[in-house]
Amino acid sequence: MSNVTVCVRFRPLSSKEKKDLGDNICIQSMDSETVIIKDEKEEGFAFSFDKVFYEESKQADVYEFLVLPIVRDTVNSINGTIITYGQTGAGKTYSMEGPNILESDEKKKGILPRVVDGLFACIKTSADSTKYTVKLSMVEIYMEKVRDLFDLSKDNIQIKESKTQGIVLSGATEISLSDTAEALQSLSTEMNMASSRSHCVYMFTLNQESISEKRVKSGKLILVDLAGSEKVEKTGAEGRVLEEAKTINKSLSALGNVINALTCGSPAKANHIPYRDSKLTRMLQDALGGNSRTALLCCCSPSPSNASESLSTLRFGASEEKCSKKNGDASGTRDESFEKILEKMSERLNDEDIK
Ligand code: ADP
Ligand code: MG
């Protein structure tokens, strides 16, 4: 299995989208791995991913498929990164946190509270001779500056590399998570500080001290709720808004390049992965490559009014597909006309009828 898993999630239509365009959507499900999207010119594109979560998908479905295997690996001291990508309003924060972080409805809880529960559940079932500590840092990257969300006065955190700990956020506050309730409570107060034009990063470090063997192992799990990927209007935007957008675009392309290099690159090229091109990729360096595991959740609106942004989000996530195609194991068809795809689908349906 690849170390990089890429999924897409379509949120339900918002009430505004429904008001504007009724129940129209620009996507069609082909199966649980392939989706067809129609652009403004009614041209259809098919994309395949490890899984497509459609509007009716549950928070638990996303967690179990995409996140839980990575949580289990963190306990085995394998680093992992879980990233939500997409335009503003596409469902990144809903997927990552839930409607709010102290959401009491189990069903609505997002990835973050489930990870906290998952880590503690793994700890509870482990051997008595192992002592665990879980720590959490929370920062945002805004205009290529790293700010500590637990202590806003630390507004220029440096990313350093240590021989023993790997990449560290030098001087960033680390909260000890001795139980779930404390963890969620401490998050909820800080959550609103994060700007929507910044990348929000939750870094969990799990240390395991084996009392009998006298050694410490550690695993890092990083959750990233990215800034919106939307293009800014070439005309309207100026000044700060334009600068923000340019900086976000640059770091998102750097992330795309790293993921591409990781999934397409030959082992010989592994030395040339461009981690240093942005604060984001630098911060993720030892949790996004090598032995570590990565999950990318591309979040989209299903509304025709957002088709062009959704298409570019799917293209971002599908970059991996290009290389698996080279290896001959991709079933996806890209850039086919919508009519052709519909034809294929109806052929398939007819075949099923005959059976
Ligand atoms: P983003 O973080 O990408 O800007 P949000 O996560 O804030 O977007 O989602 C925008 C709106 O859509 C919010 O009101 C959120 O509650 C709602 N939403 C997003 N995804 C879902 C979903 N899967 N089910 C129900 N509501 C959702
Ligand atoms: Mg958000």
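Whatever order the structure lists them in is the order used to number ligands and atoms, beginning at 1. Hydrogens, waters and symmetry mates are skipped; everything else that's a heavy atom, side chains included, is used. Index from 1, following the sequence. As the structure is a prediction and not an experimental result, all values here were calculated from the model.
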Query raised in the report: F45 ring centre to R315 NZ or CZ under 6.0 Å, with the angle to the axis within 45°?
Result: yes

Query - 2.8 Å cut-off met by an N, O or S atom of M96 to the Mg ion (ligand 2) - result: no

Query - Pairing of R197 and E230 as salt bridge, 4.0 angstrom limit - result: yes

For ligand 1, list all ligand N or O to protein N or O distances below 3.5 Å, rounded to 0.1 Å.
unit_1: ligand 1; atom_1: 2 (O); unit_2: T93; atom_2: N; d: 2.9
unit_1: ligand 1; atom_1: 2 (O); unit_2: T93; atom_2: OG1; d: 2.8
unit_1: ligand 1; atom_1: 3 (O); unit_2: A90; atom_2: N; d: 3.2
unit_1: ligand 1; atom_1: 3 (O); unit_2: G91; atom_2: N; d: 3.1
unit_1: ligand 1; atom_1: 3 (O); unit_2: K92; atom_2: N; d: 2.9
unit_1: ligand 1; atom_1: 3 (O); unit_2: K92; atom_2: NZ; d: 2.8
unit_1: ligand 1; atom_1: 4 (O); unit_2: G89; atom_2: N; d: 2.6
unit_1: ligand 1; atom_1: 6 (O); unit_2: T93; atom_2: N; d: 3.2
unit_1: ligand 1; atom_1: 6 (O); unit_2: Y94; atom_2: N; d: 2.7
unit_1: ligand 1; atom_1: 8 (O); unit_2: G91; atom_2: N; d: 3.1

Query raised in the report: Should we say atom NZ of K135 is surrounded by more than 12 heavy atoms from elsewhere, each under 6.0 Å from it?
Result: no

Requested in this report: Please step through salt bridge (Lys or Arg N to Asp or Glu O under 4.0 Å) for the pair K246 and E243, ending with a clear verdict.
Outcome: CA-CA 5 Å; K246 277 192 199 159; E243 281 314 304; 3.7 Å; yes

Report task. Consider only side-chain N and O atoms of D148 and T173, and report whether a donor and an acceptor are under 3.5 Å apart. Result -> yes

Query raised in the report: For the side chain of Q158 and the backbone of G171, is there at least one donor-acceptor N/O pair under 3.5 Å apart?
Result: no

